[in-house]
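Since the structure comes first, as structure tokens, the remarks are kept for the end.
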Amino acid sequence: MADVKVDLAKCEGAGVCAEVCPMNVYDMVEIGGKKKAQATRAADCIICMACVNGCPAAAITVE
Ligand code: SF4
């Protein structure tokens, strides 16, 4: 199973991951008053790397 990690310190809440993910892995949530990506359905990840390549903050790693 893929290990999907969002570095919340880097995440700027752009939401690109949630838009490009073909498996709908991400939810955008409010954490400390800021929008952040959460890999809620990481178990569905097919390791396509679209989120890693699309994230403008380089906040995502998938292994
Ligand atoms: S690697 Fe692909 S399937 Fe996995 S979370 Fe990122 S965009 Fe979604």
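In this chain, residues are counted from 1 in sequence order. All ligand and atom numbering here is 1-based and tracks the order in the structure. Because the structure is predicted, anything quoted here is derived from the model rather than measured.
- Between Q38 and L8 the shortest side-chain heavy-atom distance does not fall below 4.5 Å.
- Minimum interatomic distance between C55 and I60 (heavy atoms only, all atoms of both residues): CB-CD1, 4.1 Å.
- N24 is listed as a side-chain neighbour of R41, based on a closest heavy-atom distance under 4.5 Å.
- Excluding water, every protein N/O/S atom under 2.8 Å from atom 8 (Fe) of ligand 1 is given here by residue and atom: C21 SG.
- Hydrophobic clustering keeps I31 apart from M28 (ILVMFWY residues linked when any side-chain heavy atoms are closer than 4.5 Å, directly or through intermediates).
- Scanning all protein heavy atoms for the shortest distance to atom 1 (S) of ligand 1 gives M49 N, 3.1 Å.
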Quick one: side chains of residues 9-20, donor-acceptor pairs under 3.5 Å with protein atoms, not counting sequence neighbours, listed by atom name and distance.
none

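- Considering CG of D7 and OG1 of T61, their distance stands at 8.0 Å, rounded to 0.5 Å.
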